[in-house]
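Here the structure comes first, spelled out in structure tokens, and everything after it is commentary.
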Amino acid sequence: MKLIIAVVQDRDSNRLSQALVWEHIPVTKLASTGGFLRAGNTTFLIGVDDDRVEKVLEIIRKNSQVRKGWMTPHMGGGNEGDGSYPVEVQVGGATVFVLSVERFEHF
Ligand code: 2BA
């Protein structure tokens with residue numbers, strides 16, 4: 001069994017969870033925050049048998065888009081007018097980790 005951890009943008013979250021549920025793939029969604037942009041995103045926890053991992057990855061791939069984001073680096077002091085300006089950042093589609101599950105219990 002594998003645990004798939006997928007960080008996706010909030011805007012893709014509903015579409016992705018619907019697609020997973022449609023395929024009878026169990027999922028837990030956690031509200032999360034990106035450390036860099038400090039914007040909300042969604043972390044999916046998906047526990048599946050090994051033979052379904054590729055199917056799940058395909059669904060995630062189809063339902064998560066690459067988008068542009070903006071972040072303003074602070075040069076120091078954090079005050080307005082410190083000379084910092086917004087920098088364009090590419091976000092997503094999805095950041096995915098696939099972990100082996102040593103043991104799974106469902107009581
Ligand atoms: P954030 O940390 O808010 O990062 C948003 C985007 O900013 C990233 O998109 C990346 O393009 C850029 N970025 C992140 N850290 C950077 C840095 N130190 N310098 C320059 N640019 C940087 P993605 O790579 O698609 O990541 C989207 C979100 O996925 C991240 O949001 C974070 O919540 C999560 N994530 C990405 N890589 C991760 C990792 N190795 N471990 C844990 N979470 C990760």
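Note that ligands are numbered from 1 as they come in the structure, with each ligand's atoms numbered from 1 the same way.
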Practice problem: Specify the protein heavy atom at minimum distance from atom 10 (C) of ligand 1: its residue, its atom name, and the distance to 0.1 Å. | Solution: Gln90 O, 3.7 Å
Quiz item: How far is atom 23 (P) of ligand 1 from its nearest protein heavy atom, and which residue and atom is that?
Solution: Gly92 N, 3.9 Å
Quiz item: Which residue owns the protein heavy atom closest to atom 29 (O) of ligand 1, what's the atom, and how far is it?
Solution: Thr95 OG1, 3.3 Å
Quiz item: Would you say Ile60 and Ile4 make side-chain contact, with heavy atoms under 4.5 Å?
Solution: yes
Practice problem: Find out whether Met71 and Pro86 are in side-chain contact, i.e. whether some heavy atom of one side chain is under 4.5 Å from a heavy atom of the other. | Solution: no
Quiz item: With atoms numbered from 1 as shown, which atoms in ligand 1 lie under 4.0 angstrom from a non-hydrogen atom of Leu37?
Solution: 1 (P), 3 (O), 5 (C)
Exercise. Could you find the nearest protein heavy atom to atom 12 (C) of ligand 1 and give me its residue, atom name and distance?
Key: Val89 CG1, 3.3 Å
Exercise. Consider ligand 1: state whether an atom of it lies below 4.0 angstrom from any non-hydrogen atom of Ala39.
Key: no
Quiz item: Which residue and non-hydrogen atom of the protein lie closest to atom 31 (O) of ligand 1, and at what distance in Å?
Solution: Gly34 CA, 3.5 Å
Quiz item: Do Ile5 and Phe44 share a hydrophobic cluster, counting only Ile, Leu, Val, Met, Phe, Trp and Tyr and linking them when any side-chain heavy atoms are less than 4.5 Å apart?
Solution: no
Quiz item: For Met1, does its backbone N or O pair with a side-chain atom of Asp50 as donor and acceptor, under 3.5 Å?
Solution: yes
Quiz item: Is atom CD of Glu105 surrounded by more than 12 heavy atoms (other residues, nucleotides or ligands) closer than 6.0 Å?
Solution: yes
Quiz prompt | Short N or O distance, Gly35 and ligand 1, threshold 3.5 Å exclusive | solution = yes
Practice problem: List the closest protein heavy-atom neighbour of atom 34 (C) of ligand 1: residue, atom name, distance to the nearest 0.1 Å. | Solution: Val7 CG1, 3.8 Å
Quiz prompt | Path from Leu30 to Leu3 over hydrophobic side-chain contacts below 4.5 Å | solution = yes
Quiz item: Sub-3.5 Å donor-acceptor pair from the side chain of Thr43 to the main-chain atoms of Val7, do we have one?
Solution: no
Quiz item: Which atoms from ligand 1 have a heavy atom of Asn41 less than 4.0 Å away?
Solution: 28 (C), 31 (O), 33 (O)
Quiz item: So which heavy atom in the protein is nearest atom 39 (C) of ligand 1, and how far is it from that ligand atom?
Solution: Phe97 CZ, 3.7 Å
Quiz item: What residue pairs, at least two apart or across chains, pass salt bridge (Lys or Arg N to Asp or Glu O under 4.0 Å) with a residue in residues 62-73?
Solution: Asp12-Arg67, Glu58-Lys62, Lys68-Glu88
Quiz prompt | Top protein contact for atom 4 (O) of ligand 1, by heavy-atom distance | solution = Phe36 CB, 3.5 Å
